[in-house]
**Student:** 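The following block contains the structure, expressed as structure tokens.
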Amino acid sequence: MPRSGSRRGKRSVEELGELNLSAIMAILVILIPMLIFVFNFFEVKVQAVAAPKVGSGKAKKKDSDKKPLNLTVLISRKGFVLKQQDELQTEPEKPIYKRTFEIDVEDEKGQKRRETVEDYDYPALYTRLFSKKTAYPDEKTINIAAEMDIPWHVVARTIDAARLQLDKPSYVKLSDYTAAKPATVTKKGADGKDEEQPKKMFDRVVFVVAE
Amino acid sequence: MANQDHIDEQAFVKKARKGPRMDDNDQPLNINSMMDIMTILLVFLLVSITSDPWNIKQDEFLQLAKSSVDRDPKDSIPILISKSNILVDNEQVIPVECTTRDGRQCKEKADFKKEGNRYSIDKTYKEDSSESSFLIEPLVRKLTEKIETAKELHASLKPGEPFKALTTIICDKDIPYRMIAEIVHTAGSAGLDQLRFAVIRNDTR
């Protein structure tokens, strides 16, 4: 008499027993540390920068009536120098020199201590750029120039100071400036819903080479 | 009191006996829950790694600058500028000259970690072998080649849509402005006018 299907199934399960996961576990134990080693524990974002346009300089008639601010930040070894369209300038811009700041530093043992460091005056630069934006709200472009040996991280921080409007119009302390949150504005998103977006200041950055 | 001590002693003996009996029970270790954790971790890591377009590894030759910017990277032609080389799409194009503060060439890994190093591109790679030139010839050739390939790929994948020449510059934080200006000028000459600089997202500015 032929055996019923259900009985045969039961027996094959009994024969197989419990699945041995030790081999798979061994692979996973090797694979996971390998992937963790490859994995980046930091978030990479991008700063948009435009290359300077080279052209005949012919502008549209509409634009020619309106004088562009042509705001330029020159980064030197001593600090920042701001320049703008001569016709829109009433008095020469004072340079923003490097100065000393007191910052909290954490050592290898995790103990905090106060240190005095000399750095670029980013709070003063932001304050000056904010006043420019208030005077010329339609301006979105800023030219960034630097002396040839200025490292990229200084240029990146300068772009940061110009890009977004922060919650206060001016800052003096470096710690207050570094911890400041961007001011937000409510705009309609792609899905038609209201979204809180950071308020832009000079978000079109153009690299220029100073003569 | 003595009776109580006797009862406690009996309980201890019973417990002591119970222990080895449980060890005798030769049940295999249940690793199912461990497997679940491992599988979730594996899937998470694989998704994270594959979603990272460049998978940048930071070492003594490449340390990215920090910024509070919040713009996501896009698919583009990557130019990597480390302290030792310039690469386009993971292919080496030219070496970077590194000179220490005391005027000698960087050789050991430790040399690249020192402060005050000077980084530059040898004039033989520039237009007319001129020190003052901003055009890096091998780089412009490589970028033109990559743009052509990207254009062909774009035309086959998205016919009818205009091609946007975009590049992402993955640059070490200590690279001087001169070198960046040379690379920006060279990229512009090759037709890449929309530039993105890769930075590490930082909450503080």
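Letters go in sequence order (proteins before strands), and every chain restarts at 1.
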**Student:** So which atom in P176(B) and which in M148(A) form the shortest heavy-atom distance, rounded to 0.1 Å?
**Tutor:**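 Distance-wise, the nearest heavy atoms are CB-O, 3.4 Å.
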
**Student:** Report, as yes or no, whether the 6.0 Å neighbourhood of atom NZ on K193(A) holds more than 12 heavy atoms from other residues, nucleotides or ligands.
**Tutor:**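 Not buried by this count: 12 neighbours or fewer within 6.0 Å.
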
**Student:** Which one of R178(B), R71(B), R201(B), M38(B) has the most heavy-atom pairs closer than 4.5 Å to chain A?
**Tutor:**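 Looking at each of R178(B), R71(B), R201(B), M38(B) in turn, R71(B) comes out on top.
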
**Student:** Name the residue from R157(A), K45(A), Q47(A), R163(A) that meets the side-chain hydrogen bond (donor to acceptor under 3.5 Å, both in side chains) definition with S67(B).
**Tutor:**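 Exactly one option meets the side-chain hydrogen bond (donor to acceptor under 3.5 Å, both in side chains) with S67(B), and it is Q47(A).
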
**Student:** Within a radius of less than 6.0 Å around CD of E115(B), do more than 12 heavy atoms belonging to other residues, nucleotides or ligands occur?
**Tutor:**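 No, the 6.0 Å shell around CD holds no more than 12 heavy atoms from other groups.
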
**Student:** Heavy-atom cut-off 4.5 Å, strictly under: side chain, backbone, both or neither for I200(B) against chain A?
**Tutor:**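 Contact with chain A is through both the backbone and side chain of I200(B).
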
**Student:** Tell me, side chain or backbone of I27(A) under 4.5 Å from chain B's heavy atoms, or both, or neither?
**Tutor:**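 No part of I27(A) comes within 4.5 Å of chain B.
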
**Student:** Of the backbone (N, CA, C, O) and the side chain (C-beta and beyond), which part of F134(B) lies under 4.5 Å from a heavy atom of chain A, both, or neither?
**Tutor:**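 Contact with chain A is through the side chain of F134(B) alone.
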
**Student:** Heavy atoms, side chains only, cut-off 4.5 Å: are V44(A) and I56(B) in contact?
**Tutor:**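 Contact flag for V44(A)/I56(B) side chains = yes.
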
**Student:** Where on Y126(A) is there a heavy atom nearer than 4.5 Å to chain B: the side chain, the backbone, both, or neither?
**Tutor:**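 Looking at Y126(A), nothing touches chain B.
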
**Student:** Measure Y177(A) against the heavy atoms of chain B and call it side chain, backbone, both or neither at under 4.5 Å.
**Tutor:**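 Its backbone and side chain both get close to chain B.
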
**Student:** More than 12 non-hydrogen atoms from neighbouring residues, nucleotides or ligands closer than 6.0 Å to NZ on K113(B), yes or no?
**Tutor:**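 Result for NZ/K113(B): open.
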
**Student:** Is it the side chain or the backbone of V49(A) that comes within 4.5 Å of chain B heavy atoms, both, or neither?
**Tutor:**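 Both parts, backbone and side chain.
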
**Student:** So for N202(B), is it side chain, backbone, both, or neither that comes closer than 4.5 Å to the heavy atoms of chain A?
**Tutor:**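 Neither part; nothing is under 4.5 Å.
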
**Student:** Taking atom NZ of K114(B) as the centre, report whether more than 12 heavy atoms of other residues, nucleotides or ligands fall under 6.0 Å from it.
**Tutor:**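 Result for NZ/K114(B): enclosed.
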
**Student:** If you compare all heavy atoms of A145(A) against all heavy atoms of Y177(B), which two are closest, and at what distance to 0.1 Å?
**Tutor:**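 Smallest heavy-atom distance, with atoms named: CA-OH, 3.9 Å.
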
**Student:** Compare all side-chain heavy atoms of D160(A) with those of K66(B) and state whether any distance is below 4.5 angstrom.
**Tutor:**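 D160(A) does not reach K66(B) side chain to side chain.
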
**Student:** How long is the gap from CD1 on I32(A) to CG on L46(B), to the nearest 0.5 Å?
**Tutor:**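 CG of L46(B) is found 9.0 Å from CD1 of I32(A).
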
**Student:** Identify the two heavy atoms, one from F207(A) and one from I180(B), that lie closest to each other, and give their separation to 0.1 Å.
**Tutor:**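 Taking F207(A) first and I180(B) second, the nearest heavy atoms are CE1-CG2, 3.8 Å.
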
**Student:** Per the salt bridge (Lys or Arg N to Asp or Glu O under 4.0 Å) rule, what does the pair list look like for residues 141-155 of chain A, sequence neighbours excluded?
**Tutor:**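 Sorted result for residues 141-155 of chain A: R77(A)-E147(A), R77(A)-D149(A).
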
**Student:** Within the supplied structure, the quantity of interest is the number of heavy atoms (other residues, nucleotides, ligands) at a distance under 6.0 Å from E108(B) CD; does it exceed 12?
**Tutor:**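 Not more than 12 within 6.0 Å, no.
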
**Student:** Between S68(B) and chain A, which part of the residue has a heavy atom less than 4.5 Å away: side chain, backbone, both or neither?
**Tutor:**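 Contact with chain A involves both backbone and side-chain atoms of S68(B).
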
**Student:** Measuring from atom OG1 of T39(B) to atom CG of L28(A), what distance do you get when rounded to the nearest 0.5 angstrom?
**Tutor:**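 That separation rounds to 6.0 Å.
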
**Student:** Please say whether more than 12 non-hydrogen atoms of neighbouring residues, nucleotides or ligands are located less than 6.0 Å from CZ in R114(A).
**Tutor:**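 Counting other residues, nucleotides and ligands, CZ of R114(A) exceeds 12 neighbours.
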
**Student:** Report, as yes or no, whether the 6.0 Å neighbourhood of atom CG on N90(B) holds more than 12 heavy atoms from other residues, nucleotides or ligands.
**Tutor:**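 Open.
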
**Student:** Considering non-hydrogen atoms only, spot the tightest contact between V69(B) and V46(A) and give its length.
**Tutor:**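 Distance-wise, the nearest heavy atoms are CG2-O, 3.5 Å.
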
**Student:** Does D75(B) have more than 12 heavy atoms from other residues, nucleotides or ligands lying within 6.0 Å of its CG?
**Tutor:**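 At most 12 heavy atoms, drawn from other residues, nucleotides or ligands, come within 6.0 Å of this atom.
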
**Student:** I'd like to verify something: which residue of L42(B), V199(B), L45(B) has the highest number of heavy-atom pairs under 4.5 Å with chain A?
**Tutor:**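 With the most close heavy-atom pairs to chain A, the winner is V199(B).
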
**Student:** Against chain B, label I36(A) side chain, backbone, both or neither, depending on which of its atoms sit under 4.5 Å from a heavy atom there.
**Tutor:**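 Both parts, backbone and side chain.
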
**Student:** Less than 4.5 Å apart, side chain to side chain, heavy atoms only: is that true for D172(B) and W152(A)?
**Tutor:**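 With C-beta onward as the side chain, the pair stays apart.
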
